[in-house]
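Reading through the structure tokens given below for one structure.
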Amino acid sequence: MLEAELSRTPARRRCGRVAAADGGALLVTGLGDAARLGDRILLAPHPDAEGVTGEIVALTEAGARAMALGPGDRGVGLGDPVWLAPDAPLRPSDAWLGRVIGAYGAPLDGRPLPEGDRPAPVRRAPPPAATRGGLGPRLSTGLAATDTILPLARGQRIGVFAGSGVGKSLLLSTLAKGVEADVVVFGLIGERGRELNEFIAEGLGPEGMRRAIVVAATSDESPLARRRAAWTAMAVAEHFRDAGRHVLLILDSLTRFAEAHREIALTAGETPSLRAYPPSTANMIAALAERAGPAGRRKGDGAITGIFSVLVAGSDMEEPVADITRGVLDGHVVLDRAIAERGRFPAIDIGRSVSRALPRAASEAENAMIAEVRRLIGAYERAEPMIQTGLYQPGVDATLDRAVALFPALDAFVATRAEAGEGFARLEALLRADETSASV
């Protein structure tokens, strides 16, 4: 083990100097052609001392532009030495299950973190498109809505779109505990520090943590750490997928990942475009999402089923991150504030939500039931203002009459839990009961 560590330690360390410091951005000269984008740096008197760490985000003829991981440029002076620092690789193992780690792989729960032998690249290309398999079988989620109307398939990637206070975190923790998977990797990006332990204790609980690894970078950490946390969570998920396991990856949130990238890209000199997001944002989101999914076509190949949350201010589904994300994922679940305010959980807006696992993830009869439920809910929602004002007249529209009669039961169905395989049976019984009563 010691020989392996020594072989990974560079014999020489390149040193540069701080030439300028401005708002958390540093200009470093003297590194020459040894510097590469993404390299780690250390601001310290010598390479083995403690100091401020950072990352190179841009290269120019004048030098390398870097961002600090710590409190910006505090205590940094012109001419201070800057060392190129090796980036220790992630080496996940089964011993990481039940643990909480930071963006750079350090344990956050105060206990030593055993490492495996095989490194997991933090930034990695997705599996070749031509060799990837399709979506696998439908997964049991523990929620009636996502077991039937919005099915989740093995290897699928979906987005959960929600504003603040509409039950997003509760839905994600419910899926983390309910979805069939060998390993759950939860990436918490930009969350408030006090919420980390609350989420672990109350959201996942001891049972959920037994098969989970939590990767966290809180809101007070630098944008470099927040962006890296998403890559680290994906790298850990890939490690277990490559071992043939089914991994559930939950990333909360993709919006904060994009915001962290925006800060880094603007510091690097990229021009803002879409509401201050730089053009590289779309590629960064797509590159991350494409790493999830099935690895190959052979039986026994692992897969990453991805659930990515997206924060939408004022339910604006056209804001840049939401618009980009809808185009690269295999479905979206929209949480509606009005539904949450009347007390229904999960507050899923069925009409605006889509699962691209359909129609393959359901039988012909099940697809017919899903289409009927969507038709009835859509009819009721379109006529709801008329119903509330007393203008609705029974007997004029048979579809609307059935929608009005069934809506309370359908609304309650979306809010219920479900055991594996029972969701469609309950939905069929609900629809048939209405048909029976209508014929009497």
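At least one test fails for Arg352 against the ring of Phe161: distance under 6.0 Å to the centre or angle within 45° of the axis. Cation-pi contact between Arg245 and Phe240: absent, since separation from the ring centre below 6.0 Å together with deviation from the ring axis within 45° is not met.
The aromatic ring centroids of Phe199 and Phe186 lie less than 6.0 Å from each other.
A salt bridge does not link Asp80 with Arg17: every distance from a Lys NZ or Arg NE/NH1/NH2 to an Asp or Glu carboxylate oxygen is 4.0 Å or more. Salt bridge status for Glu372 with Arg375: present, with a side-chain N to carboxylate O gap under 4.0 Å. Between Arg211 and Asp94 no salt bridge is recorded (no basic side-chain N to carboxylate O distance below 4.0 Å).
Annotation: Arg342, atom CZ; neighbour count of heavy atoms from other residues, nucleotides and ligands within 6.0 Å is above 12. Heavy atoms from other residues, nucleotides or ligands lying under 6.0 Å from CZ of Arg360 number 12 at most.
Judged by distance alone, the side chains of Arg226 and Thr218 never bring a donor and an acceptor atom under 3.5 Å apart.
When side chains are defined from C-beta on, Val52 does not count as touching Leu69, because their heavy atoms never get closer than 4.5 Å. Residues His261 and Ser280 form a side-chain contact, since some pair of their non-hydrogen atoms from C-beta on lies under 4.5 Å apart. Considering only heavy atoms from C-beta on, Trp96 comes within 4.5 Å of Val236 through its side chain.
Qualifying side-chain hydrogen bond (donor to acceptor under 3.5 Å, both in side chains) partners for Glu207, counting only residues two or more places apart in sequence or in other chains: Arg210.
Listed by first then second residue, pairs satisfying salt bridge (charged side-chain N to carboxylate O under 4.0 Å, His left out) with a partner in residues 127-142 read Arg132-Glu290, Arg138-Glu366, not counting sequence neighbours.
The structure places CG of Leu288 at 10.0 Å from CZ of Arg157, a figure rounded to the nearest 0.5 Å. Expressed to the nearest 0.5 Å, how far OG of Ser164 lies from CG of Leu311 amounts to 8.5 Å. Here Ser222 contributes atom OG and Met67 contributes atom CE; the two are 6.5 Å apart, rounded to the nearest 0.5 Å. A distance of 9.0 Å separates CG in Asp147 from CG in Leu139, rounded to the nearest 0.5 Å.
None of Arg241, Glu180, His246 except one satisfies the side chain to side chain donor-acceptor pair (under 3.5 Å) rule with Thr305; the exception is His246.
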